[in-house]
Amino acid sequence: MVTNMAGKHLITLQEWTKQEIDTCLDTAYDLKLKMARRIPHASLRDETVFMMFFDESTRTRNSTEAGATQLGAHAHFLDASKMQIQHGDSAKDTAMILSSYGHAIACRHCGWGTGNSYIREMAKYSRVPVLNLQCDLYHPMQGLADLMTIQEHFGRTQTRGLKVSIIWCYATTHKKPISVPLTQALLFPRYGMEVTLAYPEGYELPEWVIEQARVNAEENGGSIRISHDIRQAFEDADVVIPKNWGSWYADSKKETVENREGNTTLTEAELEKLARNKSWKCTQDLMDLTSAHSIYMHALPADRVNEVEDSVIDGPHSIIYQEAENRLHTVKAVMDLTMGGRR
Ligand code: CP
């Protein structure tokens, strides 16, 4: 248990100790119970969190905003495209100014090669905690909710040895960042899980992630293996997390193009690579290979046509709504612990 986390940034869980993560989960369990029992828990009365969004959101925005209200704080929603960023306000300017008005700055910025560095630049100058609501590299709030959900299902102390498969799946909905699988690949081995990372060639995560995940596994009794065989990933798995992610390599090499509206689209080569892997889909047949008590997870939004069959995502193994609900309890825990302190 860590008793003082006030003022702490959350950019990646890799920069939080296990004790800090466990303290956060203790707090999330407590807040979940308080909510269920309608026990008031306004620990952040009169505080303000600024929520800057460069990208769309349902779960992250609403769990943070509702969570702030429940903690007695106020959350300002800031659409980054309506701020003065285009007219010259830098990350430093924004952080210096917003942190003089309130008690936390929470930000989602998934731009490849820019999101994480923008958030880190704000953290450098902010006098209050900067909370990452997803960037090009990390989605710590999703990671916390996923860990809590796995613990709730299998037992808080029973994660060691669980077979967890993070599986790339085909999707056409939108180009998804690597931040969810990257966060899970780093976090789950720290809790002793045996992680399989499965994907078709061309959708690998950066090598430094795998190296760090191996270190995390060695230090905590977990493991990480790579597979290019979707069936192998499902066989005997206790937890399956089939989800699309983009090609970080293509993104980092700028093998994407911008259309007239300024949106990033895939090049012909990237589209062909994607189409070649249409068979990477979570089906009932594949779910039948998993262990009897397995769970299906997805951070959402899911591409129900291409990523997963309805019979799976709406089926008995699916715990997607519990996972989504835990976004509320975990972000409340993060705000409860980190806000209220100034640097
Ligand atoms: N999982 C997740 O972050 O959902 P949103 O994009 O809706 O916030």
Side-chain angles (χ1 to χ4, degrees), residues 10-13 24 28 49-70 75-81 104-112 115-116 118-119 130-150 152 164 166-169 171-188 205 239-246 248 251 263-264 282 295-304 306-308 313-314 318-335:
L10 177 53
I11 296 175
T12 163
L13 291 167
C24 187
V49 53
F50 297 98
M51 302 187 302
M52 290 174 65
F53 278 83
F54 287 79
D55 306 279
E56 303 86 350
S57 167
T58 296
R59 280 143 292 269
T60 306
R61 175 185 171 178
N62 290 292
S63 58
T64 309
E65 192 161 339
T69 302
Q70 290 161 25
H76 282 244
F77 173 72
L78 299 168
D79 173 348
S81 69
I105 302 172
C107 180
R108 168 170 285 193
H109 189 339
C110 296
W112 177 256
N116 186 260
Y118 188 90
I119 292 172
V130 169
L131 309 177
N132 181 359
L133 297 182
Q134 189 179 20
C135 66
D136 47 337
L137 298 177
Y138 307 110
H139 197 347
M141 302 302 178
Q142 186 66 48
L144 283 171
D146 291 345
L147 181 57
M148 181 178 185
T149 308
I150 292 171
E152 281 181 329
V164 180
I166 302 164
I167 306 162
W168 185 94
C169 278
T172 56
T173 39
H174 70 282
K175 205 159 73 66
K176 297 177 170 84
I178 58 173
S179 50
V180 171
L182 192 159
T183 297
Q184 293 164 340
L186 291 178
L187 179 63
F188 294 164
L205 298 184
V239 181
V240 289
I241 314 176
K243 185 192 177 304
N244 180 255
W245 65 81
W248 78 271
D251 288 349
N263 297 321
T264 306
C282 179
I295 54 174
Y296 164 90
M297 298 177 72
H298 195 300
L300 304 176
D303 181 339
R304 282 171 171 262
N306 298 299
E307 270 183 323
V308 58
I313 195 167
D314 297 321
S318 176
I319 55 164
I320 55 168
Y321 298 123
Q322 182 183 340
E323 182 183 3
E325 183 194 319
N326 284 338
R327 293 293 310 274
L328 173 72
H329 309 302
T330 46
V331 75
K332 280 169 74 176
V334 171
M335 289 189 288

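We count ligands from 1, going down the list as the structure has it; atoms in each ligand are counted the same way.
- Protein heavy atom in closest approach to atom 6 (O) of ligand 1: Arg108 NH1, 2.9 Å.
- Under the 30°/60° scheme for interplanar angles, the aromatic rings of His109 and Phe54 are found to lie parallel.
- Note that OG1 of Thr149 and CZ of Arg327 are 10.0 Å apart. Values are rounded to the nearest 0.5 Å.
- Of the N and O atoms on the side chains of Asp146 and Gln184, at least one donor lies less than 3.5 Å from an acceptor on the other residue.
- Close N/O approach between Leu300 and ligand 1 is found [any backbone or side-chain N/O within under 3.5 Å].
- If you check the side chains of Glu152 and Gln322, you find a donor sitting under 3.5 Å from an acceptor.
- The option from His139, Gln134, Glu56 that lies nearest to atom 3 (O) of ligand 1, judged by heavy atoms, is His139.
- The two residues Met141 and Val334 make their nearest non-hydrogen contact at CE-CG1, 3.9 Å.
- With ligand atoms numbered from 1 in the order given, ligand 1 contributes 1 (N) to contacts under 4.0 Å with heavy atoms of Ala299.
- Within the cation-pi definition used here (under 6.0 Å to the ring centroid, within 45° of the axis), Arg61 does not qualify as a partner of Phe53.
- For atom 5 (P) of ligand 1, the candidate residues are Thr64, Asp146, Thr58; the nearest heavy-atom contact is made by Thr58.
- Protein heavy atom at the shortest distance from atom 2 (C) of ligand 1 is Arg327 NH1, 3.4 Å.
- In this structure, atom 4 (O) of ligand 1 lies nearest to the protein heavy atom Arg59 NE, 2.8 Å.
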